[in-house]
Amino acid sequence: MNSSHAVDAALLILRLGVGLTLAAHGTQKLFGWFGGSGLTGTGEMFDRIGFRPGRINAALAGLGEAGGGLLLALGLLTPIGGAAAASTMIVASSMHTSAGFFSSKGGLEFPMTLGIGAVALTIGGAGQFSLDQPLGQPLDAPWIAITALVVGIVAAAALITRQRALARTQPATA
């Protein structure tokens with residue numbers, strides 16, 4: 001295997017691992033699959049922690065994970081899928097910072113690692129073994145990846161700021 005095929009194979013493995021993991025977590029939120037709580041249960045939990053309205057925020061988180069994850073796994077519109085997944089993982093990571101780093105203690109290790117993988121794929125692209133390839137790499141310009149990441153980071157920061165303000169000022173609704 002020549003070095004370019006090795007890089008493309010590595011990108012495929014990374015895309016499948018990160019993308020399918022994200023997609024599975026998103027379907028837990030959206031549909032209750034794989035032992036998840038679905039929109040109702042996840043929405044109630046989001047309400048309790050200050051992401052109000054909870055059901056809408058749960059749907060957005062589920063779409064960021066499931067939709068972004070599937071786009072990454074397929075290597076389709078990779079900068080958009082990667083930025084959606086990365087911004088969702090920024091918000092998820094923010095919810096775990098008080099528990100420290102390690103996931104065994106409830107820390108940010110897991111969502112942060114998925115987010116880093118999504119950022120790397122957004123910047124690096126999907127490689128030759130992707131659906132972007134036969135479509136002519138429609139979003140391959142570097143400015144598209146950077147713009148998508150900046151928009152995602154700004155949106156995540158705004159959501160985190162809003163959540164923290166709501167968690168401090170409003171009691172959770174039942």
Side-chain angles (χ1 to χ4, degrees), residues 11-122 126 130-131 148-149 151-168 170-174:
L11 287 170
L12 173 63
I13 292 165
L14 181 61
R15 282 194 352 259
L16 290 173
V18 170
L20 293 177
T21 300
L22 283 161
H25 280 273
T27 62
Q28 286 182 309
K29 290 173 181 64
L30 294 172
F31 310 116
W33 296 354
F34 308 113
S37 301
L39 276 180
T40 300
T42 305
E44 290 169 357
M45 185 268 297
F46 275 34
D47 270 328
R48 284 192 303 276
I49 62 173
F51 285 102
R52 298 186 198 106
R55 190 173 174 95
I56 291 171
N57 280 287
L60 291 172
L63 288 170
E65 290 176 349
L70 284 175
L71 289 174
L72 282 176
L74 294 170
L76 178 63
L77 307 175
T78 302
I80 304 302
S87 62
T88 304
M89 291 301 96
I90 290 169
V91 177
S93 294
S94 78
M95 299 313 302
H96 294 271
T97 57
S98 63
F101 179 74
F102 292 103
S103 61
S104 60
K105 305 281 189 199
L108 61 90
E109 174 184 19
F110 183 66
M112 183 192 74
T113 301
L114 290 174
I116 289 169
V119 168
L121 290 165
T122 302
S130 68
L131 292 180
L149 284 172
V151 168
I153 290 167
V154 169
L159 188 57
I160 292 165
T161 301
R162 182 177 184 275
Q163 178 272 335
R164 289 183 177 164
L166 285 174
R168 282 192 304 269
Q170 296 179 356
T173 57

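Inspection of the R15 and S130 side chains reveals no N or O donor paired with an N or O acceptor under 3.5 Å.
Considering all non-hydrogen atoms of both residues, S87 and G152 come closest at CB-O, 3.2 Å. Shown here for Q28 and F34, the closest heavy-atom pair between the two residues is NE2-O, 3.0 Å. Heavy atoms only, all atoms of each residue included: S93 and L108 are closest at O-CB, 3.8 Å. Annotation for L11 and A126: closest pair CB-O, 3.8 Å, computed over non-hydrogen atoms.
When side chains are defined from C-beta on, L114 counts as touching T21, because their heavy atoms get closer than 4.5 Å. Using a 4.5 Å heavy-atom cutoff, the side chains of L60 and T88 are not in contact. Under the 4.5 Å side-chain criterion, counting only non-hydrogen atoms from C-beta, P111 is in contact with H96. Between L70 and L22, the closest side-chain pair of non-hydrogen atoms is not below 4.5 Å.
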Problem - Stepwise side-chain contact (heavy atoms from CB on, under 4.5 Å) test for F51 and M95 - result: CA-CA 11 Å; F51 285 102; M95 299 313 302; 3.3 Å; yes
Practice task
Check the pair I160 / I90 against side-chain contact (heavy atoms from CB on, under 4.5 Å), numbers first and verdict last.
Solution key: CA-CA 9 Å; I160 292 165; I90 290 169; 3.9 Å; yes
Practice task
Let me see the working for T78 and T122 under side-chain contact (heavy atoms from CB on, under 4.5 Å), right down to the final yes or no.
Solution key: CA-CA 6 Å; T78 302; T122 302; 5.8 Å; no
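Remark: F101 CZ to M112 CE distance equals 4.0 Å, nearest 0.5 Å. Taken from CD in E65 to CE in M89, the straight-line distance is 4.0 Å, to the nearest 0.5 Å. Atom CZ of R168 is separated from atom CZ of R164 by 8.5 Å, given to the nearest 0.5 angstrom. A distance of 9.5 Å separates CG of L74 from CG of L72, quoted to the nearest 0.5 Å. The distance from the CG atom of L71 to the CG atom of L121 is 12.0 Å, given to the nearest 0.5 Å. Here the CD atom belonging to E44 is positioned 11.0 Å from the CG atom belonging to L39, to the nearest 0.5 angstrom.
A donor-acceptor distance shorter than 3.5 angstrom exists from the side chain of D47 to the backbone of G54, with no hydrogens or angles considered.
A86 is linked by a side chain to side chain contact (heavy atoms under 4.5 Å, CB included) to A118, V119, L149, counting only residues two or more places apart in sequence or in another chain. When the ring-ring contact (aromatic ring centres under 6.0 Å, His included) test is applied to F31, the partners found at least two apart in sequence or on another chain are W33.
At most 12 heavy atoms of other shown residues, nucleotides or ligands fall within 6.0 angstrom of atom CZ in F102.
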